[in-house]
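Here's the structure, in structure tokens; my notes come after.
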Amino acid sequence: MENTIFDKMANGVYLLSTHDGGKLNGCIIDTCMQVTHDPKRVAVAVMKSNLTNEMIGKAGVFALSVFDRSVEKDTIARFGYQSGRNADKFAGIDYALDVNGCPYIKWQTCGMLSCKVAGAVDLGTHVMFIGDVVATDMFSNRDAELYSDYQRELNVKMVKQEAAPVADTGKPKYVCDVCGYVYDPAKGDPDGGIAPGTAFEDIPDNWVCPVCHKGKKHFRRV
């Protein structure tokens, strides 16, 4: 099967969020589409293993924040590279609650949609929720962020890793368990202030992965 064709399909980047009692949570998804015009309905797909999926199933409501081209990697990392089971993703940031009590963000987004679940389909690894749109709002006129553009920008760091040959230092490499970035001591991370030749053990504890911005504890020796 030729998988490249899937990369040509236009998907956006969204924050899918909900609540369960007093707990707020959300995750990053790239699968969302309007499925009917009257009534206005959208379909979203989320991994079964995500806490957000469980919470939407209980609450029966969700909100969609549509990221625009100004979205920062730190924002994606906050909602996409950690689990709501052990982190409060909305702590310390500005957010609002929609008519259903779901959190959403007004910054780095084009707008938002508030939805009530009208149906759900088990897709194996994912669940597709059909949502009746009950409210919307616009925050910017910037173009929406496309998943293909986000991936292209994310891969810049990966490409830089292989761009130029370097001498092997004999020091072990470490891989990020979150995003797959490989720290090579021979190359270091000049953009992050780490000179070539620096062993992983000698990197300051406050250094973060240049791709997903996770700390050293998320790396393991290759």
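- Counting only heavy atoms from C-beta outward, the side chains of Leu15 and Leu64 never approach each other to under 4.5 Å.
- The hydrophobic cluster containing Tyr95 also contains Ile28, counting ILVMFWY residues as joined when their side-chain heavy atoms lie under 4.5 angstrom apart, directly or transitively.
- Sequence neighbours left out, the pairs with a member in residues 42-55 that pass salt bridge (charged side-chain N to carboxylate O under 4.0 Å, His left out) are Lys48-Asp122, Glu54-Arg85.
- Counting only N and O atoms by type, the side chains of Glu145 and Tyr14 include no donor and acceptor under 3.5 Å apart.
- For the pair Lys171 (side chain) and Gly197 (backbone), a donor-acceptor distance under 3.5 Å is present.
- Residues Val46 and Phe129 are in side-chain contact: their nearest non-hydrogen atoms beyond the backbone lie under 4.5 Å apart.
- Atom-to-atom distance recorded for Asn25:CG and Asn53:CG is 11.0 Å, nearest 0.5 angstrom.
- The closest side-chain heavy-atom distance from Thr198 to Ile203 is below 4.5 Å.
- Looking at Gln34, its side chain does come within 3.5 Å of a backbone N or O of Thr36 through a donor-acceptor pair.
- Residues Pro172 and Phe200 fail the side-chain proximity criterion, which asks for heavy atoms closer than 4.5 Å.
- Of the possible donor and acceptor atoms, one in the side chain of Thr109 sits under 3.5 Å from a partner among the backbone N and O of Ile105.
- Ser140 pairs by the side-chain hydrogen bond (donor to acceptor under 3.5 Å, both in side chains) definition with Asp68, not counting sequence neighbours.
- Partners of Met47 under the side chain to side chain contact (heavy atoms under 4.5 Å, CB included) rule, at least two apart in sequence or in another chain, are Ser49, Asn50, His126.
- Applying the ring-ring contact (aromatic ring centres under 6.0 Å, His included) test to pairs two or more places apart or on separate chains, those with a residue in residues 35-80 are Phe79-Phe90.
- Note: Tyr174 OH to Tyr183 OH = 10.5 Å, rounded to the nearest 0.5 Å.
- A donor atom on one side chain and an acceptor atom on the other are found under 3.5 Å apart for Asp189 and Trp207.
- For Ser17 (side chain) and Pro103 (main-chain N/O), a donor-acceptor pair under 3.5 Å exists by modelled atom type.
- Of all heavy-atom pairs between Ala199 and Pro185, the closest is CA-CB, 4.3 Å.
- Under a hydrophobic clustering in which Ile, Leu, Val, Met, Phe, Trp and Tyr are joined whenever their side-chain heavy atoms come within less than 4.5 Å, directly or via other members, Ile93 and Ile76 fall into the same cluster.
- Proximity of Met55 to Lys23: side-chain heavy atoms (C-beta onward) are separated by under 4.5 Å at one or more points.
- In Met33, the CE atom is not crowded: 12 or fewer heavy atoms of neighbouring residues, nucleotides or ligands sit closer than 6.0 Å.
- Linking Ile, Leu, Val, Met, Phe, Trp and Tyr residues whenever their side-chain heavy atoms come within less than 4.5 Å places Val66 and Val42 in a single cluster.
- Annotation: the span from Tyr81 atom OH to Lys73 atom NZ amounts to 9.5 Å, rounded to 0.5 Å.
- Considering all non-hydrogen atoms of both residues, Thr18 and Thr52 come closest at CG2-O, 4.1 Å.
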side-chain hydrogen bond (donor to acceptor under 3.5 Å, both in side chains) assessment of Ser70 paired with Gln108: CA-CA 5 Å; Ser70 72; Gln108 301 175 19; 5.6 Å; no
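- Arg78 places a side-chain N or O within 3.5 Å of a backbone atom of Lys89 that can act as its donor or acceptor partner.
- Salt-bridge formation is not detected for the pair Arg69/Asp143: no Lys NZ or Arg NE/NH1/NH2 atom is positioned less than 4.0 Å from an Asp or Glu carboxylate oxygen.
- In this structure the side chain of Asp20 never reaches within 4.5 angstrom of the side chain of Leu51, judged on heavy atoms.
- Taking 4.5 Å as the limit, every side-chain heavy atom of Val117 sits out of range of all side-chain heavy atoms of Val61.
- Evaluation of the side chain to side chain contact (heavy atoms under 4.5 Å, CB included) rule for Asp98 yields Ala63, Asn100, Cys102, Tyr104, Met112, Ser114 as partners, not counting sequence neighbours.
- For the pair Trp107 (side chain) and Asp94 (backbone), a donor-acceptor distance under 3.5 Å is present.
- A heavy-atom distance below 4.5 Å is not found between the side chains of Ile130 and Cys115.
- In this structure, Ile56 is not a member of the same hydrophobic cluster as Leu24, with clusters built from ILVMFWY side-chain heavy atoms closer than 4.5 Å.
- We find the CD1-CG distance between Ile29 and Leu16 to be 4.5 Å, quoted to the nearest 0.5 Å.
- Residue pairs meeting the salt bridge (charged side-chain N to carboxylate O under 4.0 Å, His left out) criterion with at least one member in residues 203-222, sequence neighbours excluded, are Asp177-Arg220, Asp205-Lys216.
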